[in-house]
2 protein chains.
Amino acid sequence: MVTDTYHHGNLRAALVAAAAELVSDAGVEGVTMRSLSRAAGVSRAAPYRHFADKRELLAAVAEAGFLDLDRRLSEVEGRGAAGAVEGGEGRAVLADLMRAYVGFALDRPGHYRLMFSPDIVRPPRSVSLQESASRAFERSLEAIRAAQETQELRSGDAAALASIMWSAVHGLAVLLLDGQVRVTSDGSGGHALLAGDETDEAQNVESFIELTIEIVLDGLSSAASEARRS
Amino acid sequence: MVTDTYHHGNLRAALVAAAAELVSDAGVEGVTMRSLSRAAGVSRAAPYRHFADKRELLAAVAEAGFLDLDRRLSEVEGRGAAGAVEGGEGRAVLADLMRAYVGFALDRPGHYRLMFSPDIVRPPRSVSLQESASRAFERSLEAIRAAQETQELRSGDAAALASIMWSAVHGLAVLLLDGQVRVTSDGSGGHALLAGDETDEAQNVESFIELTIEIVLDGLSSAASEARRS
DNA sequence: ACCTGAACACCGTTCAAGT
DNA sequence: ACCTGAACACCGTTCAAGT
């Protein structure tokens, strides 16, 4: 039973919800303004009372995605906060953040791709999209700083380290999502980037993620050239 | 002076060339079958004698991109090979490979994005696309193995390490390309992933890349849990 | 204020028909 | 074999007009 009119004033919300569902089910390319109008029981022109164009509507969906990601990351932080103060937990918190991050990407591939789709995310971005994305980033930044204070990470520009951590796990996420990294069953190994067709891996994905997290943390904690002054 | 007929038999090559130029100039979304036909001086239907669909044509452009990437990586390997045998050069070769990789992405953003665009690269892929992509990957695999033999990298599944290295630098590349990581001038630092609008960074990009490379190599070389058996 | 109907300028793709 | 003309089934977006 479809409500046959949206004069009640929340066409905007209904469109975003319909778009989010389409993004989940069929990916960004499955979203058309016409199908959204149809789903909302409204004319093709109606959405343009609420969004300047398709890009703006998709940006709203991406923003909801960033809020969801931020929520997941905040749960991790809440969990780890008590231990972190005592020291020695900084690495564990960062590992949990990375797990949560990749987990989000694998759980919501359509949203994740949209959130990092150049057409949507490339400047100019709306301030609200901007802010929701930055908020998620700030969490890793704070976790990085905390781990630096307990000597668990190398010193240096925390924002740089956070960017590097995020870009590493972003690379992992998109390659996993696109099936461009295959994980075989011969031990802990990732295998043959861009290799053969469908196989049944899936459980080894997790151990591959764990190895990546370990290596990223090791890199971020190595003394290296940054430690010359200590 | 446009040649007004392509009966001479290489419409296929002309279409791929025109598409590659459009990809460079305007990105993948700038490519339309109709504009390609127009550029080649041929009817809209003609391309379909040579390609099943648009995806297949773009895959040919992506394949050329992988060949170019592979060429760049092979130049690095040729340069480092002599020293690598003597040991101690393995890390330097890997660093050069990563530099060349990111350099390619920044030089040819349109091609790079196309090469990792899910619609093109997601299975089923043509065997030739498959092979050209794998070839580029094999290079890092061999370099990883060489560095393991000289004790410059941790032991363990070389393919996994190669995948992790590639995914880290892939993440760096796409975030740089999309302007989602900003680099400010306060030292060596990357800054504020997904932060503000246009600034004039550009020179600091290089030092940010260098820091990433250093951290990735440190992570790949740390003894960690993998070294329990040594 | 919010929505509709109808149009405009695009797409990718197909298919009979031409040479 | 290779290409054309014309059509089909889509798009995003606009704009006068309705309520």
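In the text below, chain A, chain B and the rest are named by the order of the sequence lines, each starting its count at 1.
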A:V181 and B:W166, any side-chain heavy atoms less than 4.5 Å apart: no

Side-chain heavy atoms of A:F116 within contact of A:V174, under 4.5 Å: no

Rounded to the nearest Å, what distance is computed from the [atom1] atom of residue [X] to the [atom2] atom of nucleotide [N]?
{"X": "A:L57", "N": "D:dT13", "atom1": "CG", "atom2": "C1'", "answer": "14 Å"}
{"X": "A:M33", "N": "D:dC10", "atom1": "CE", "atom2": "C1'", "answer": "16 Å"}
{"X": "A:E56", "N": "D:dG12", "atom1": "CD", "atom2": "P", "answer": "15 Å"}
{"X": "B:Y48", "N": "C:dA16", "atom1": "OH", "atom2": "P", "answer": "17 Å"}
{"X": "A:L15", "N": "C:dC2", "atom1": "CG", "atom2": "P", "answer": "13 Å"}
{"X": "A:R44", "N": "C:dC10", "atom1": "CZ", "atom2": "P", "answer": "19 Å"}
{"X": "A:F51", "N": "D:dT13", "atom1": "CZ", "atom2": "P", "answer": "13 Å"}
{"X": "B:N10", "N": "D:dC2", "atom1": "CG", "atom2": "P", "answer": "12 Å"}

Please pick, from [options], the nucleotide with the shortest atom-to-atom distance to any side-chain atom of [X].
{"X": "A:R49", "options": "C:dC2, D:dC3, C:dG12", "result": "C:dC2"}
{"X": "B:V42", "options": "D:dT13, C:dC11, D:dT4", "result": "D:dT4"}
{"X": "A:S43", "options": "C:dT4, D:dC3, D:dG12", "result": "C:dT4"}
{"X": "A:R34", "options": "C:dC3, D:dC3, D:dT13", "result": "D:dT13"}
{"X": "A:A45", "options": "D:dT14, D:dG12, D:dC3", "result": "D:dT14"}

Secondary-structure string, 5' to 3', Watson-Crick or G-U under 3.5 Å, | for another-strand partners, for DNA chain C: ||.|||||...|||||.||

B:H50 vs D:dC2: side-chain N/O to OP1/OP2 distance below 4.0 Å: no

Side chains of A:S128 and A:E63, donor plus acceptor under 3.5 Å: yes

Pair A:Y112 + A:H170: ring centers closer than 6.0 Å: yes

CZ (B:R72) with more than 12 external heavy atoms under 6.0 Å: yes

Flag if over 12 foreign heavy atoms under 6.0 Å of CD, B:E21: no

5'-most by nearest nucleotide on DNA chain C - A:A46 or B:K54: A:A46

Working for salt bridge (Lys or Arg N to Asp or Glu O under 4.0 Å), residues B:R55 and B:D119: CA-CA 8 Å; B:R55 186 181 181 280; B:D119 294 340; over 6 Å; no

